[in-house]
Amino acid sequence: MKPNYIAGEWVASTDARPNINPSNTADVIGLYAQASAAQTEAAVAAARAAFPGVASGSIQARTDALERIAAEILARKHELGNLLAREEGKTLPEAVGEVARAGQIFRFFAGEVVRQSGERLSSVRPGIDVEITREPVGVVAIISPWNFPIAIPAWKIAPALAYGNCVVFKPAELVPGSAWALADIISRAGLPAGMFNLVMGPGSRVGQTLISHPDVNAVSFTGSVGTGRRVMAAVAERFAKVQLEMGGKNPLIVLDDADLARAVECAVQGSYYSTGQRCTASSRLIVQRGILPKFVAAMVERLKSLRVDDACKPGTDLGPVVDAAQLEQDLAYIAIGRDEGARLAFGGEPLKREVEGFYLEPALFVDTMPTMRIALEEIFGPVACVLAADDYEHALVMANDSEFGLSAGLCTTSLKYATHFKRHAQAGMIMVNTPTAGVDYHVPFGGRKGSSYGPREQGRYAAEFYTTVKTAYTAA
Ligand code: NAD
């Protein structure tokens, strides 16, 4: 059994959960300890006890530790990528890319440790100086989803540690393997005991204990809207800091003047890669009528060429969906789309492969109306729908008409429309002639409306959440 990591010790639990490969359900990757509520509380207590020493500790030691973590992740990216592909189902190249990104994130924040700075201003009152500094928040609970098993934990844990906080990390139940491997690397980096803790287990027990614990000063959560709402309510109760990254129903607009091949590539990449299981996936393809027939025909040709198979097999373009429940949800939405009157131009059927896994043909709906559930709700699978637009203005209205606002894309060769879109699309991230999914690690990440709440993640903007500002006045 892979144990939890609490107060610098590896701790077993009475309860364990198997980690199952979605490409081959007979392949059990390992058994992972499920922390009890008492163990979760012990992790918070360890973080709390470590905090004063951490906050006043050496930043040289901290930057060295983060650099060691980065170096080991990058050196082991193929091995860790294989584990990630095996437990989550994204393809090996995608998984290795995700691991490399986690390493780069730790490297970026290793540098940020020694780049933290404040401001010094003159007071409006003569003879007084004002200093503005940032201090760590304290104990941070990190709760992550299953679709980026190492990158999302990395982009929360790295800044939390860099800015001098203590962390209790609860990964998603479905993907404990990458989380455990990351914790193992962090445990050997030379951080003080209690600065980083891992508690694996169900959201209803481990997650709930963390969000309602009076000693947790901040909660960084990524997951579904429903859980996000619950996290927000629990944290608001005691005025702790909270950051929520949630769902998306991201639009990609394709105008008549777009480069067709590029638009198809953006749509295929953005809608179907990582099996469509990305919060930034373009699940709404809003296509101007002039290019629509050619676009749909080219999409169908491209989708026919995609190979859906074992995530670790060379040549696989799309791996399986993550588990039986997600497959059921995808198929239920495909049935809903048909019942609503949309037409499947391609795919949508479960697939059989050599071994038992959760395989699904990528699905493309056409004749979709904006009021249909498949055009409104996040499906979180390889399912996209095409909505017809009369012109750019009509497309923009449809794109913005959503309860979500994470990313929004536009394919065009017109500077006029590109400029207008960057100003008027209601989303946190705007993508022109590039897929809605796929972001850099050194710039802010996050959205608007029902997609995000609180300060942005990643890059230097992460300091906003993981630090608190102090203003000091000194009279000479
Ligand atoms: P989820 O909400 O089911 O679970 C997310 C995490 O919350 C898990 O670790 C889970 O155990 C935990 N949790 C569940 N109940 C809890 C509770 N009562 N208290 C505290 N924690 C609890 O989400 P998921 O199915 O793992 O992930 C898919 C969702 O994540 C999708 O909606 C997707 O769009 C979203 N997502 C968003 C982003 C983003 O940055 N916006 C990135 C990736 C995924």
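Values below: all heavy atoms of this structure, side chains included; hydrogens, waters and symmetry mates excluded. This one's a predicted model, so the numbers in the text were calculated from it and none came from an experiment. In listed order, ligands and their atoms are each counted from 1.
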> Can you tell me if Gln39 uses its side chain to pair, donor with acceptor, with the backbone of Ala12 under 3.5 Å?
Replying inline: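 Between the backbone of Ala12 and the side chain of Gln39 there is a qualifying donor-acceptor contact (under 3.5 Å).
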
Heavy-atom distances under 4.0 Å are what count here, so tell me which part of [X] touches ligand 1: side chain, backbone, both or neither.
| X | answer |
| --- | --- |
| Met246 | backbone |
| Thr280 | neither |
| Ser144 | backbone |
| Gln208 | both |
| Thr222 | both |
| Glu457 | neither |

>> Are Trp180 and Tyr32 an aromatic pair, judged by ring center distance below 6.0 Å?
In response: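 When the ring centroids of Tyr32 and Trp180 are compared, they turn out to be at least 6.0 Å apart.
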
Element-labelled atoms of ligand 1 that are located less than 4.0 Å from some non-hydrogen atom of [X]:
| X | value |
| --- | --- |
| Ala172 | 9 (O) |
| Asn147 | 43 (C), 44 (C) |
| Phe221 | 2 (O), 5 (C), 6 (C), 7 (O) |
| Arg230 | 18 (N) |

Nearest to [atom] by heavy atom, [options]: which?
| atom | options | answer |
| --- | --- | --- |
| atom 23 (O) of ligand 1 | Ser212, Ser224, Gly447 | Ser224 |
| atom 36 (N) of ligand 1 | Gly203, Cys279, Gly207 | Cys279 |
| atom 15 (N) of ligand 1 | Thr227, Leu244, Val219, Val322 | Thr227 |

> Quick one: are Leu84 and Lys90 in side-chain contact, heavy atoms under 4.5 Å?
Replying inline: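 Leu84 vs Lys90: side chains touch.
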
>> A side-chain contact here means heavy atoms from C-beta on lying under 4.5 Å apart; do Ile286 and Arg284 qualify?
In response: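 Contact flag for Ile286/Arg284 side chains = yes.
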
> If you measure from CD1 on Ile253 to CE on Met431, what distance do you get to the nearest 0.5 Å?
Replying inline: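 Result: 14.0 Å between the selected atoms.
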
> When rounded to the nearest 0.5 angstrom, what distance separates CZ in Arg307 from CG in Asp317?
Replying inline: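 If I round to the nearest 0.5 Å, the distance is 7.0 Å.
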
> Just distances here: any N/O of Glu173 and N/O of ligand 1 closer than 3.5 Å?
Replying inline: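 So ligand 1 has an N or O lying under 3.5 Å from an N or O of Glu173.
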
> Any N or O on Gly223 sitting closer than 3.5 Å to an N or O of ligand 1?
Replying inline: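 Yes, there is a polar N/O contact under 3.5 Å.
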
Under 4.0 angstrom from ligand 1, any heavy atom of [X]?
| X | result |
| --- | --- |
| Pro171 | yes |
| Ile152 | yes |
| Phe148 | no |

> For Tyr453, does the OH atom sit with more than 12 other heavy atoms under 6.0 Å from it, leaving out its own atoms?
Replying inline: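 It does not: Tyr453 OH has 12 such atoms or fewer within range.
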
